[in-house]
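For reference, the structure discussed in these notes is given below.
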Amino acid sequence: MLLATPRVLANVLVNGDFEAPAILLPGQSQVGPGQSKLLVEGEAVPGFESFIHSIPSWINSYSGGVRDAGLRRIDFSGSGTSQYAFINNWETRLSQVSSISVSPNYSYKATIDVGMGGASKGGKFQLWAGRPSVANPDDFEPGAILLGEITVGSAGWNGFVPDTLVPINQWTTVTIYYFAPNTGSVIGKPLTVSCLTSAPSKGPIWWDNASLIEGISSDPPTDAISREVSIYNNFASTIPTDAISREVSLFNHLSLNSATDANSREVSVFNNLTSTSATDAISREVSLLNYLETSGLVYVIWTGLSGTESYSNPGNWNPSSQVPINNAFNEFNVTIPTGFTVHDDWSGFGTVTDLTLAPGANLILDPGRVLLVRNAANIGGLLEVGNATFMCQTPVASFIGDAAQLRVTDSGALRFSATNYVGRGAPYNSELFSASGGGTILDLSSLESFDDGWDDEDGAAQFHTVVAGDGALLDLSGLQSLITPAQIEDRIDFIAETSGALRLGAFQSITGAALARFIARDGGSITADSMSTSEVTLIEVLDSISTISIEGDFELNAGSLLLASGASLSIGGDFVNHLSNETQHVAHEAILQLNGQGNQQLEVAGVDFGPTDPGNEGNFGLAQLLIGELDHPTTVELLDGVDNGNRGENAQPEALYLFGIAGLEGYVVANGSTLITHGLKVYFRDEIGQWIDLDDLIGGGRNMMNLNGGVVMRERPGDCNCDRILDMADVTYFAEALVDSDSFASAHPVAISWLQI
């Protein structure tokens, strides 16, 4: 069987650059320089003339006549007055069904430029076999098949670990490769390119310069991330199961001499595998099958006898017959012993079956290299990846010894699926894990436990660090437990700096004698699924451009929370403060944002001094309390479930003080959000410095009021017995109040307040 001849080598998408004039309804006008216009159907929509109807050749859906997507002609990273598309809604698409369908044995390459103007944005670029649903183009028709996907995110995005970290205000090109099989349900389906936003991405994602090319390329992808995705999505980590795919896989992976057409490629692969001749396609195919099934596992060890550090020099290995990169004949189990440094300079990408990097050994991937470990990778030394890719995402990936170090720089990617790490033997004052540079990813999302319980047995202060910097992403989203050093003067620091993003998991156990410091500085962001602190925990945001986000509950059991002026802490669940020492809670010049999707609780902890500056080291206060976000409201309930040492006589409840910041008042409710005080006191300072009792604003005889686009209420309507639960018991209380309101008010003074609306 001969490989098919490519039909098309040009972009088959129409209006892939989005420069075609928008489709308009009567009264609408085109997008002018400096403008951004949404999509709308229906002249009854307010501001109809400020919209456009649709984007030529691209499919989108509408909601209530308006779609928060459209075209922009605003200068972005050198775009000048050129036009590009944007999507602002969660989980919504912009798609184009191409003019071609999936053909057997053809390769497909889809690319698009992605831009993001801020942090915490995420989305996906996808290639589908099939069409979007007519009823809802945000979905696909039954039977549609997702052929490939590249996920993207900007700094601070934590919805998933992106394949590509997109620098803010910079166009980034992402690419999907797909090679069609000989047969299967995918054949004959139309190819669709689709851009999809992800929840809870904050603000628009921009798209430009989309293309789809059909053909059979003789070159592997040229960038590390695309190679990585291509290998895993299309060639996987096993030998393809059909002859044609095996031929193409062999050609792309064995670094054979280039051939410019399908026939020559087939012959080239065949000639490199056998010294005999076959005169027809079937014979060549059968011969290839026989050779592919004769591989064996070869154990090799680095000797360095050639006098160089070159991986690709056979003289550095024992046995020295060939370079240990998997091929059609052999697979390799590779060992690099203690004391050696090896540079992986193998041209392009390579695969090994097993790899052991002994403690005290160094493996450095040179720029542009890709090394995949198909089975077990045992890392005990220093693994350094700069503008290259290393991957071992198998259940048998592991750290060995107690001194492994990982370093990724310059848009490199390192993905390693070990579950446990011990750093007790790592050099003092060194980085255990580090990622730096825009687009760099260090993916350790499988790591569950981190043991850094070293003991230097002296009084000198030593440290270890885990660092994400310069726009890189370091993913520890599976991490749940940490052991800190054994001496109290030592520490371990988890640092996000200079726009770097550090992703943590559901952190529930932090033990040991020394401090574990979680530090965001110089625009860095730290995100955790949830966190429960201990006495050795220090959480610190050092400036107003850095953030810490807890997606779930935050229990400040012990330790310290130190937030600089203007710094931000966001929490998606409950915030429970167990501290009793105000000096451990320095946040009275910082911003707390509660932005979850359901009810949230906030513990109040300050002494109730009334509407005046409380002093008291900040009195567990905040600069501002932000509740919800625009278009994403939430409900926050205050509680005083913990005695923080500030209750008054007769157990007078504690209070919340909001100091304001930089001439702004201390209290903000986002549109549609609700604050329920449950009778607890909230004092805030307005923009002129005057302290105000929130109760006074609500007024006597009322239960609720509108404030700053939201709602403040003392009790939840219908909760007649004020137990924070709406149930049949509330009906009994309501009936009592109707029968004899004076008697009910005397017996139930708290419950009567909401009835006096």
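Counting begins at 1 with the first residue of the sequence. Here the structure is a predicted model, which is why all the values come from computation and not from measurement.
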- Looking only at atom types and distance, does a side-chain atom of Asn557 sit under 3.5 Å from a main-chain N or O of Ser534, one as donor and one as acceptor?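 Not confirmed, Asn557 side chain does not pair with Ser534 backbone.
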- What salt bridge (Lys or Arg N to Asp or Glu O under 4.0 Å) pairs are there with at least one residue in residues 645-665, not counting sequence neighbours? Asp640-Arg647
- Query: Which residue pairs pass the ring-ring contact (aromatic ring centres under 6.0 Å, His included) test when at least one of the two sits in residues 520-568, sequence neighbours left out?
  - Reply: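 For residues 520-568, and leaving out neighbouring residues, the ring-ring contact (aromatic ring centres under 6.0 Å, His included) pairs sorted by first residue read Phe554-Phe575.
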- Task: For residues 605-630, pull every pair meeting ring-ring contact (aromatic ring centres under 6.0 Å, His included), keeping only residues two or more places apart or in separate chains.
- Result: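 For residues 605-630, and leaving out neighbouring residues, the ring-ring contact (aromatic ring centres under 6.0 Å, His included) pairs sorted by first residue read His585-Phe620.
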May I ask you to decide if the ring planes of [X] and [Y] are parallel, tilted or perpendicular, using 30° and 60° as cut-offs?
X	Y	answer
Phe659	Tyr657	tilted
Phe494	Phe507	perpendicular
His632	Trp90	parallel

- Query: Just wondering, more than 12 heavy atoms not from Ile488 lying within 6.0 Å of its CD1?
  - Reply: no
- Only pairs at least two apart or in different chains count here, so list each side chain to side chain donor-acceptor pair (under 3.5 Å) that has a residue in residues 477-488. Asp455-Gln487, Asp475-Ser477
Expected list for residues 558-571: side-chain donor-acceptor pairs under 3.5 angstrom, two or more places apart:
| from | atom 1 | to | atom 2 | distance (Å) |
| --- | --- | --- | --- | --- |
| Ser570 | OG | Ser549 | OG | 2.8 |

- Task: Decide whether Asn646 and Glu582 meet the rule of one side-chain donor and one side-chain acceptor closer than 3.5 Å.
- Result: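 Asn646 vs Glu582: donor-acceptor pair found between side chains.
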- Message: Suppose we screen for side chain to side chain donor-acceptor pair (under 3.5 Å). Which residues come up paired with Gln593, at least two apart in sequence or across chains?
- Response: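 Checked Gln593 against side chain to side chain donor-acceptor pair (under 3.5 Å); zero matches.
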